[in-house]
Amino acid sequence: MSEQILDVAAGLILRRDGKLLLGQRPEGKPWSGWWELPGGKLEPGETVLQALARELDEELGIQVTQATRWVTYVHAYPHTTVRLAFCRVTGWLGDPRGLENQRLEWVDPARAESVGQLLPATLPPLRWLRLPDTYGITQAGSPAALPAFLARLDRALENGLRLVQLREPGWPEGPASASLHEALQQILKRCRQAGARVLVNSVHPEAWWREADGVHLRAADAAAMAKRPLAGNGYWVGVSVHDAEQMAQARRLDADFAVVGPVAQTASHPGRPALGWQAFMDINRDAGLPAYAIGGQGPDTLAAAMEHGAHGVAAIRGVFGGP
């Protein structure tokens, strides 16, 4: 007999200052005393967002005015398996109150464990919240074009960019190829001064991945790997994904995030057909990890991407501009 899965809507209620609301499970409930994200199980006929709004009204006395689907994640507890539809809640009416005798605390997501023991299924979304909502991908192209690109990078960092991928497959080979490693050093220096992280695309040497903050795997490279390529030391692993099978591979590698697309056609991939938002949502539906939308994306499409379940957007020109 197949195991039953309990569907749950869980809300990450985020204030403008970045603080997140956690609740402590009251006496008499399983896992009493542990801290969790507010929410509860879906009733028959409810959508995720309908269930979330009802639960937050019943638990906290707030009325949700702005919420978006985010990541769906399956977690097996000793006596039950739950499918958690995590949603980001950024607008509500009223002040949260513990209507079920639960303690509430606003916490910094990076230090949430300071309140006490956290339910195991609460840990992954706390890690995902550290991901910025915009992912810039380089396309300097050549040593001659590097100074202009670095100027655009500086502007993007000043405007808040905090995650960059070095991706330069067209960089000239031969003696000029050594200059790409020098370019990486310049990009790393600028990004670290701004508090931004840099991932290196897997088209480039593996030794560079560890010099940076991790690796972004092309779909073919991810498919050839049996296990996560980097572990420990805070390294991040991203994976390019174009279909459900590739998303499953990213999940098996325990990637930190996926980049799904192209949602719309782009100049950088003129021959690749666009997925559209429906296919993006289908690929991302049970991903179990955050997904950036790529293809025709940028700051002006960020809100729309989030409405369709994206963590954020990834782009070349949409982030850096340029020729």
Side-chain angles (χ1 to χ4, degrees), residues 2-3 5 70-78 81-84 86 120-132 135 137-138 163-171 173 177 180-181 184 188 197-263 269 272 275 279-295 309-312 314:
S2 62
E3 181 184 19
I5 296 179
W70 185 32
V71 180
T72 299
Y73 177 79
V74 175
H75 183 85
Y77 284 101
T81 298
V82 292
R83 180 164 43 224
L84 292 138
F86 291 114
T122 301
L123 298 175
L126 294 176
R127 185 175 72 247
W128 301 331
L129 282 177
R130 300 176 190 179
L131 292 167
Y135 187 21
I137 303 170
T138 75
L163 184 59
V164 174
Q165 178 192 151
L166 177 79
R167 179 185 177 277
E168 297 289 342
W171 198 270
E173 297 183 0
S177 64
L180 181 56
H181 187 244
L184 170 61
L188 282 171
R197 298 174 71 97
V198 178
L199 305 188
V200 174
N201 189 279
S202 57
V203 72
H204 302 305
E206 187 171 343
W208 296 7
W209 308 353
R210 295 186 181 277
E211 290 183 41
D213 302 298
V215 61
H216 185 99
L217 298 172
R218 298 176 297 177
D221 294 332
M225 290 186 173
K227 62 180 181 179
R228 181 182 170 95
L230 293 173
N233 296 321
Y235 290 118
W236 285 359
V237 175
V239 178
S240 289
V241 164
H242 312 295
D243 56 39
E245 182 178 345
Q246 292 174 0
M247 181 64 86
Q249 175 64 21
R251 188 166 56 247
R252 286 192 292 271
L253 290 177
D254 192 28
D256 293 286
F257 63 88
V259 173
V260 180
V263 175
H269 296 85
R272 183 173 293 167
L275 292 174
F280 175 89
M281 290 189 294
D282 291 342
I283 293 169
N284 196 32
R285 191 175 308 281
D286 294 310
L289 69 164
Y292 290 89
I294 194 170
H311 176 80

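Excluded from the calculations below are hydrogen atoms, water molecules and symmetry mates; all remaining heavy atoms, backbone and side chain alike, are included. Given the structure is predicted, the values throughout are model-derived calculations rather than measurements.
Nearest heavy atom pair, residue P120 against residue Y77, reads CD-CE2, 3.8 Å. In terms of heavy atoms, A219 sits closest to S240 at CB-O, 3.4 Å. Minimum interatomic distance between G261 and H242 (heavy atoms only, all atoms of both residues): O-ND1, 2.8 Å.
The backbone N or O of V203 lies less than 3.5 Å from a partner atom in the side chain of N201, making a donor-acceptor pair. Looking at H75, its side chain never comes within 3.5 Å of a backbone N or O of R83 through a donor-acceptor pair. Proximity of a side-chain donor or acceptor of H204 to a complementary backbone N or O of E168 within less than 3.5 Å is detected.
Of the listed residues (Q246, Q249, R251), just one forms a side chain to side chain contact (heavy atoms under 4.5 Å, CB included) with V241, and that residue is Q246. For the side chain to side chain contact (heavy atoms under 4.5 Å, CB included) with V215, the lone residue among V239, V200, L230 that qualifies is L230.
Ring geometry, W128 versus Y73: the interplanar angle exceeds 60°, so the pair is classed perpendicular (tilted spans 30 to 60°). Relative ring orientation between W208 and H181 is described as tilted, the plane-to-plane angle lying within the 30° to 60° band.
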Criterion side chain to side chain contact (heavy atoms under 4.5 Å, CB included) on F257 and H311, from CA distance to verdict: CA-CA 9 Å; F257 63 88; H311 176 80; over 6 Å; no

When you look at L166 and L188, which way does the side chain to side chain contact (heavy atoms under 4.5 Å, CB included) test go after all the steps? CA-CA 10 Å; L166 177 79; L188 282 171; over 6 Å; no

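Atom CG of L184 and atom OG1 of T138 lie 9.5 Å apart (nearest 0.5 Å).
Counting heavy atoms from C-beta on, the side chains of P229 and V237 come closer than 4.5 Å. Two residues are said to be in side-chain contact when any heavy atoms from C-beta on lie closer than 4.5 Å; F86 and P124 fail this criterion. Side-chain contact between L253 and L217 is present, with at least one heavy-atom pair separated by less than 4.5 Å.
The salt bridge (charged side-chain N to carboxylate O under 4.0 Å, His left out) analysis of residues 209-237, with sequence neighbours excluded, yields the pairs R192-D213, R218-D221, R228-D256.
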Using a 3.5 Å cut-off and no angle test, enumerate the donor-acceptor pairs between side-chain atoms of residues 283-294 and protein atoms at least two apart in sequence or in another chain.
residue	atom	partner	partner atom	Å
N284	ND2	G309	O	3.1
R285	NH2	D282	OD1	2.6
Y292	OH	P132	O	2.5

